Amino acid sequence: MKYTLTTPLYYVNDKPHIGSAYTTIACDAQARYKRLKGHKVIFITGVDEHGQKIQRTAEQKKIEPIEHCNNISQLYLKLWDKWDISNDVFIRTSSQEHINIVNDFFNRVFSSGDIYMGHQKGWYCVGCEEYKDIDEHAIESTCPIHKQKLEWRDEENLFFRLSKYQNEIEQLVNKEDFIYPISRKNEIINFVNSGLKDFSISRVNVKWGIPVKGYKDHTFYVWFDALLGYISSICKLNSNYSLDNLIDNGWPADVHVIGKDILRFHAVYWPAMLMSANLEIPKKVIGHGFLTKDNLKMGKSLGNIIDPDKLVKDYGIDSVRWYLLKDFKFGSDGDFQFRRFVDIVNNDLANTIGNLLNRTTSMSRKWFEGNIPEAINSDTHILQIKVVDTLKVYNSSFSIFDFSRALDSVIELATFANVYLNEQAPWKQIKLNSNKQLVANDIYSILETCRIIAIMINPVVPKLSIKILNQLNFNSTDINLTECCYWGLLQSNAKLPTPEPIMNKLEFIDDN
RNA sequence: GUCUGUGUAGCUCAGCUGGUUAGAGCACAGCAUUCAUAACGCUGAGGUCGAGAGUUCAAGUCUCUCCACAGACACCA
């Protein structure tokens with residue numbers, strides 16, 4: 001089964017931001033999960049490189065726009081490497097394959113009669129770089145933010161007939177599963193109900209963009225260009241630059257994961273564009289929340305930005321991935337607190353899971369000649385029942401991007417095993433030789449539980465997962481979430497390596 | 001300004017169609033314990049459920065008003 005998912009194509013105006021990293025690990029976790037479930041996954045990410053802002057930034061740096069884009073793109077690639085991102089494609093909108101797709105796509109939309117020449121008029125603030133919603137009959141007006149005089153602009157642009165798709169889009173956004181979360185869905189519904197207006201898709205004063213063939217001085221508006229990056233990714237992956245055979249190659253996307261700020265482009269404009277071009281529309285759009293830090297918006301002016309590079313350097317990638325996916329409800333805004341980050345990671349990964357593994361492997365080695373004991377069980381072990389229940393919750397949560405609940409269920413399982421161990425107290429039982437088989441059964445079951453826990457957390461903390469499996473002497477290549485979760489695959493009498501902490505505790509560094 | 005959402009223990013949140021003494025995890029305190037990463041476990045302290053009024057035998061849960069925060073109200077992404 002194919003499963004295609006995308007992050008947004010990040011705007012390369014500046015170096016990568018923690019918010020982009022958050023979106024990307026969420027996608028990565030889902031991509032890894034789906035792979036473990038046996039899907040053929042296409043995980044798309046990339047960068048959006050055109051537009052006036054980039055042009056200006058490059059000018060300020062006194063370099064060519066493409067040079068600037070090369071630099072920032074490199075930063076993204078490096079970051080995703082450090083963050084263990086398993087994307088299948090990285091698309092750049094300045095690439096030739098993308099430019100070809102944009103042209104082909106435009107031709108299709110043009111043939112549908114959905115393109116016309118119009119005028120973009122209004123009061124424009126140079127500071128905001130946007131048109132202000134101010135009465136066009138006003139003689140003079142100022143920007144409420146910048147307090148500068150607004151310029152009256154009347155620009156010739158190509159327009160896309162969005163209004164033609166009013167009914168189709170209304171139906172689409174009202175569909176049960178298209179937009180998530182629900183609160184955002186309602187916003188979009190309201191927006192659509194208020195009546196869709198055509199929007200412009202070209203600019204005449206922006207040089208750094210893809211030229212519109214046949215229209216001198218016109219370049220495509222960044223959004224028209226950027227959204228198509230998802231399609232060109234599919235083409236790039238198949239080294240096949242045609243819009244005609246996308247279906248078999250992974251289009252439509254199963255889900256676009258984006259920040260809540262760009263939901264409208266993905267849930268309204270983009271589907272309409274695809275309809276016009278006679279292409280399939282994505283199945284789902286998820287707008288997740290934003291991160292704040294100590295309840296404040298992160299921003300340069302406040303100087304409270306979390307640098308994703310430094311974060312990983314200081315704390316390690318698994319910790320960061322775990323915290324962001326475990327403690328934040330996907331869809332809602334989340335508050336990043338370093339104290340809490342350290343506590344959560346230490347408790348969940350070091351104390352609960354790490355220590356469970358450590359204490360059990362240690363007993364196993366001590367009493368069973370350095371090996372995994374052999375279980376001779378006539379009854380289904382209580383831990384096996386618990387594992388099966390956990391897998392149910394885990395799977396149903398993970399597949400709907402409820403990472404937090406999925407991981408909670410895993411921690412609950414590990415805690416259950418810890419409690420069980422305390423209750424059974426094998427260190428007491430073992431003193432009586434007649435109890436040896438009983439102890440063997442329990443130790444085996446707990447090790448087996450650890451093995452399955454390792455597989456369950458694999459999409460979120462891949463490195464840690466492998467460490468656990470190695471400690472259990474279980475082959476971690478080709479693991480999956482179906483057969484590998486069957487009870488009893490852990491090999492009895494296999495040698496256990498010397499136990500060592502799989503996760504060192506984090507120390508709270510108070511300089512953030 | 002209009003509309004929407006949120007506001008529950010120090011922190012992050014769960015509480016479905018109103019019904020016994022409001023829950024979890026973390027943090028904190030005590031106990032216990034050594035198989036284990038000063039870890040695990042047990043117990044405890046912590047809340048007038050944003051404020052006020054109303055409906056009801058009964059409201060965190062429904063209605064109204066107010067307060068605070070967040071978001072949407074089309075071309076910055």
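No experiment lies behind these values; they were computed from the predicted model shown. Just the heavy atoms: all of them, side chains too, but no hydrogens, waters or symmetry mates, feed the values below. Letters A, B, ... are given to chains in the order of the sequence lines, protein chains preceding strands, and every chain is numbered from 1.
- Between Asn504(A) atom CG and rA36(B) atom P the separation is 17 Å, expressed in whole Å.
- Aromatic ring orientation, Phe224(A) versus Phe220(A): parallel (interplanar angle below 30°, classes split at 30° and 60°).
- In the set rA74(B), rA72(B), rA36(B), rA36(B) carries the atom at the smallest distance from any side-chain atom of Asn355(A).
- Of the listed nucleotides (rG71(B), rU37(B), rC75(B)), rC75(B) has the atom at the smallest distance from the side chain of Arg203(A).
- The interatomic distance linking Ile353(A) (CD1) with rC26(B) (P) rounds to 13 Å, in whole Å.
- Stacking of the aromatic ring of Trp427(A) onto the base of rC35(B) is found: the ring centres lie under 5.5 Å apart and the planes are inclined by under 30°.
- Across all strands shown, rA59(B) has no partner, as no Watson-Crick or G-U wobble contact with both distances under 3.5 Å is found.
- Pairing for rC73(B) is with rG1(B), a Watson-Crick or G-U wobble pair whose two hydrogen-bonding atom distances lie under 3.5 Å.
- Mapped onto RNA chain B by nearest heavy atom, Asp48(A) and Ala350(A) fall at different nucleotides, with Ala350(A) at the one closer to the 5' end.
- An OP1 or OP2 oxygen of rC40(B) is reached within less than 4.0 angstrom by a side-chain nitrogen or oxygen of Asn351(A).
- Set against rA77(B), rA74(B), rC42(B), the side chain of Val419(A) has rC42(B) as its closest nucleotide.
- Contact annotation: Asn347(A) side-chain N/O to rA27(B) OP1/OP2 distance is under 4.0 Å.
- For Lys428(A) and Leu162(A), each mapped to the nucleotide of RNA chain B holding its nearest heavy atom, the one lying further toward the 5' end belongs to Lys428(A).
- Between Lys329(A) and rA14(B), a side-chain N or O to OP1/OP2 separation shorter than 4.0 Å is present.
- OP1 or OP2 of rA77(B) has at least one side-chain nitrogen or oxygen of Trp223(A) nearer than 4.0 Å.
- In this structure, Asn190(A) atom CG and rG71(B) atom P are separated by 17 Å, rounded to whole Å.
- Side-chain proximity of Arg359(A) to rG41(B), rC76(B), rA36(B): nearest is rA36(B).
- Across the strands present, rU12(B) finds its partner in rA24(B); the criterion is a Watson-Crick or G-U wobble pair with both atom distances under 3.5 angstrom.
- With both pairing distances under 3.5 Å, rU6(B) is matched to rA68(B) as a Watson-Crick or G-U wobble pair.
- Listed pair Gln52(A) / rC76(B) fails the phosphate criterion, with no side-chain N or O lying under 4.0 Å from OP1 or OP2.
- Proximity of Phe328(A) to His288(A): side-chain heavy atoms (C-beta onward) are nowhere separated by under 4.5 Å.
- When side chains are defined from C-beta on, Leu274(A) does not count as touching Tyr165(A), because their heavy atoms never get closer than 4.5 Å.
- One atom, CZ of Arg340(A), and another, C1' of rA9(B), lie 13 Å apart when rounded to the nearest Å.
- Here the side chain of Glu187(A) is nearest to one of rG71(B), rA74(B), rC35(B), namely rG71(B).
- Counting heavy atoms from C-beta on, the side chains of Val109(A) and Met273(A) never come closer than 4.5 Å.
- Phosphate contact (OP1/OP2 of rA77(B), side-chain N/O of Tyr221(A), threshold under 4.0 Å): present.
- Considering only side-chain N and O atoms, Lys185(A) lies nowhere under 4.0 angstrom from the phosphate OP1 or OP2 of rU4(B).
- Rounded to whole angstrom, the span from the CG atom of Asp408(A) across to the C1' atom of rG23(B) amounts to 14 Å.
- Val222(A) comes within contact range of the sugar-phosphate backbone alone, with a heavy-atom separation under 4.0 Å but no base atom that close.
- Look at CZ on Arg161(A): it is 22 Å from P on rA74(B), rounded to the nearest Å.
- The separation between Asn193(A) atom CG and rA72(B) atom C1' is 14 Å, rounded to whole Å.
- We find that Arg264(A) and Glu187(A) are not joined by a salt bridge, their nearest charged nitrogen and carboxylate oxygen being 4.0 Å or further apart.
- Closest to the Asp335(A) side chain, of the nucleotides rU12(B), rA77(B), rA74(B), is rU12(B).
- With a 4.5 Å cut-off on side-chain heavy atoms, Trp427(A) and Val439(A) do not count as touching.
- For the pair Gln424(A) CD and rG41(B) P, the interatomic distance rounds to 15 Å; values are reported in whole Å.
- Under the 4.5 Å side-chain criterion, counting only non-hydrogen atoms from C-beta, Val342(A) is in contact with Tyr315(A).
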